[in-house]
2 protein chains.
Amino acid sequence: MTEPTRPAADVLALLGVPLEPLRESKGGRTREAILGAAVALACRTGLGGLTVGSLATEVGMSKSGMFAHFGSKEALQLAVLDAAALEFATEVVLPALSAPRGEPRVWVLVEGWLSCGLMRRPGGCVFVKSSTELDEQPGPVRDRLRNQHLELGRSIARIFAGGIREGHFRADADPERFAGDLHAVMLGFYHQHRLLGDPRAEERARAAVTALLDAARPPGEGSGVRAGAAAEAGR
Amino acid sequence: MTEPTRPAADVLALLGVPLEPLRESKGGRTREAILGAAVALACRTGLGGLTVGSLATEVGMSKSGMFAHFGSKEALQLAVLDAAALEFATEVVLPALSAPRGEPRVWVLVEGWLSCGLMRRPGGCVFVKSSTELDEQPGPVRDRLRNQHLELGRSIARIFAGGIREGHFRADADPERFAGDLHAVMLGFYHQHRLLGDPRAEERARAAVTALLDAARPPGEGSGVRAGAAAEAGR
DNA sequence: GCGAGAATAGTACGACCGTTCGCACTTTTG
DNA sequence: CAAAAGTGCGAACGGTCGTACTATTCTCGC
C-alpha cells in the first residue's frame, strides 16, 4: 500500500472530513503511524476497547509517548474517527464520485463499500462497532460519529439524486430514504458476513441493492445497467 | 410489569431458548433478579462492558455475591444472553406465532420487534450491541450469540414460508433471503433511531418492510392487508 | 428449634486502566 | 552554534477490573 496522495481539499471538505495541518516534521510522521495502528486496533476492539497501553505496545512505544501526541484518550478517539473517515472517503466515496453520474455511480459506491467490508483488515469496521457502542452514551465522540454518519447519508442521497436527474430513477423517488435503505443493506451484509459467516452475504447484498434500484426505476424500464465495467474502471 | 407466565416448553425449545430448572428457592429468586438487572445493564454497556462491580452495586450486593451465583464473568454473559433471548422470544416471536398465518403474522412480528426497539429500556438492544462487539472474537459467548441469531433467522424464514403456503407470497420467493432482508431493515431502523435520532426511522422501517412484501407478492395483486387489527389483537 | 447447607459479606490479590510528572534526548529555529 | 521547542521514556498515582479465599449470616427440612 503506497502512501495515498491526499485528494483535493474541497472535495474532502464536502465529505465532512476535517483536514489537520498535516505537518511533515518527525512528530507528524509518527503521529500518522500511531493513528494507522490505532485505526486498525479500533477495528478489532471498538473505540471504547481501544486502550492506550495496547496501542503503545502495538506501535512499540511507551504509554506516556502516546500522551505526547494526543492529550487524552478522548482526543485519541476523535483522531481515530477522523482518520477512519478520511480512509473511507478516499477509498469508497471518492472513486464513486469520479464514475459516470447516475446508476453506475451508485454501483461503484456499493462495490467499493462491499469490498471495504469484505477483504479489509481483520476485525471489521470502526464505524459499525462504535455506532452500537456509543449510540446512547453522550459526549463529543458520539457527536462526531453522528455527524460523520449524517454526512455520509447526505453524500449517498446526493449520488442517488444525480441518478434522478439523469433519468435513471423516478422523479418522485426519495434520495434520503434510499440512503437509509442502502445503509441498512450494508449493515445487514456486515452482520451476515462477520457474525454469521454466511458466504452468500455478498451476493445477497447485491440482490438487495438491485431490488432497491428496481423499485426506484421509472415504470416500464427493465433492470438497468449493472455497470460491471464502470465498477472495475472506478478503482 | 407483571411476572410473565412461562410459555409452553416445546414452543420455547423450538426457538432455541434453553430453560434452566427455574428453582423457586431464595437463591433462585435472587438469581433471577440479578439476571434482570444484568440484562438491563448489558443493554446500556454491551456484554463486554458489563462489569461485575457495577452489576453488584446495581442490585445492592457485593461482588463476591455475584460469583456465588455465576462462577465467572463468562458464565454470567451466557446467562444474560439466554435471559434476553427468553424475553425476546416471549415478547416478540411468540405473539406472532399466535397470529393468523401468512402476512398478518409477519406484521405482528415486525410491530413487536419495532416497539421492542422503540419504547424499550434505555440503552438499546443487547443483541445488536454484542453482535458488533463479539463478531470476530471467538469463544463460547460468541458461539451462543451466533446460534441465537441463526435460530431467529430460521424462525423468520418459517413465518415467511407460512405466507407462501397461504398464497400471500410467491411460491418462488426465498424465505431465507427474506429473513436476512428483514433483519437488515431492523438493523437500519435501530441505527437511525438510536444513533441518529431520526424520528422518521419507524415509519421508514414500515415502508421498507412493505416494499419487501410487495416484491414477494404474487404478480397482479395489490398491496396486501396491512393487518392493523391483527397487530393489535396479537399482544 | 436445631443443625446442615446454602447465601452473602469481607478482604485481598495481581493486572491493567487513564493520567501525570520529571527527565533525557533530538530536532528545529534564531 | 546556542537556545528553544519538540519528542519520548520510566516511574508512579489512584481506580477498577475479574477472581480467589475465608468468614458470617440466613433458610429450611427435620
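Order of the sequence lines sets the chain letters (A, B, ...), proteins ahead of strands, with each chain counted from 1. Only a predicted model underlies this, so the values are computations on that prediction, with no experimental measurement involved.
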Residue set satisfying side-chain hydrogen bond (donor to acceptor under 3.5 Å, both in side chains) with Ser64(A), at least two apart, ordered chain then number -> Ser62(A)
Any residue meeting side chain to side chain contact (heavy atoms under 4.5 Å, CB included) with Ala211(B), in chain and number order, not counting sequence neighbours
Arg177(A)
Taking only residues two or more places apart in sequence, or in another chain, which ones meet Leu212(A) in a side chain to side chain contact (heavy atoms under 4.5 Å, CB included)?
Phe178(A), Asp181(A), Val185(A)
In whole Å, what is the span from the CE atom of Met66(A) to the P atom of dC16(C)?
17 Å
Would you be so kind as to tabulate the donor-acceptor pairs closer than 3.5 Å made by side chains of residues 51-60 of chain A, with sequence neighbours excluded?
from: Thr51(A); atom 1: OG1; to: Ser54(A); atom 2: N; distance (Å): 3.1
from: Thr51(A); atom 1: OG1; to: Ser54(A); atom 2: OG; distance (Å): 2.6
from: Ser54(A); atom 1: OG; to: Thr51(A); atom 2: O; distance (Å): 3.0
from: Thr57(A); atom 1: OG1; to: Gly53(A); atom 2: O; distance (Å): 3.3
from: Thr57(A); atom 1: OG1; to: Ser54(A); atom 2: O; distance (Å): 2.8

Indicate yes or no for a side-chain donor-acceptor contact from Arg105(B) to the backbone of Leu97(B) under 3.5 Å, with no hydrogens or angles considered.
yes
Pair Trp113(B) and Phe88(B), ring centroids less than 6.0 Å apart
yes
Taking atom C1' of dT19(C) as reference, at what distance in whole Å does atom CD of Glu74(A) sit?
14 Å
How many whole angstroms separate atom CZ of Arg31(A) from atom C1' of dG6(D)?
14 Å
Sequence neighbours left out, what passes side-chain hydrogen bond (donor to acceptor under 3.5 Å, both in side chains) with Arg154(A)? Give chain and number order.
Glu151(A)
Residues in residues 36-63 of chain A with a heavy atom under 4.0 Å of DNA chain C, by number, are Leu50(A), Thr51(A), Val52(A), Gly53(A), Lys63(A)
Please write out the pairs of protein N or O atoms and N or O atoms of nucleotides 21-26 of chain C separated by less than 3.5 Å, giving the distance to one decimal.
none

DNA chain C contacts made by residues 129-140 of chain A, counting heavy atoms under 4.0 Å:
none
When the distance from CZ of Arg29(B) to C1' of dA6(C) is rounded to whole Å, what number comes out?
13 Å
With sequence neighbours left out, write down each residue that passes salt bridge (charged side-chain N to carboxylate O under 4.0 Å, His left out) with Glu202(B), or none if nothing qualifies.
Arg206(B)
For Leu134(B), all residues meeting side chain to side chain contact (heavy atoms under 4.5 Å, CB included), sequence neighbours excluded:
Leu47(B), Ser130(B), Gln137(B), Val141(B), Arg142(B), Leu145(B)
Rounding to a whole Å, what distance do you find between Lys73(A):NZ and dT16(D):P?
15 Å
Taking OP1 and OP2 of dG6(D), is either one under 4.0 Å from a side-chain nitrogen or oxygen of His69(A)?
no
Rounded to whole Å, the CZ-C1' distance (Phe67(A) to dC9(D)) equals 14 Å
Between dT19(C), dG8(D), dT8(C), which one does the side chain of Thr30(B) approach most closely?
dT8(C)
Side chain to side chain contact (heavy atoms under 4.5 Å, CB included) filter on Ala161(B), not counting sequence neighbours, yields Arg165(B), Pro175(B)
Sort and list the pairs that fulfil salt bridge (charged side-chain N to carboxylate O under 4.0 Å, His left out) and have at least one residue in residues 124-141 of chain B, not counting sequence neighbours.
Lys129(A)-Asp135(B), Asp135(A)-Lys129(B), Arg194(A)-Glu136(B)
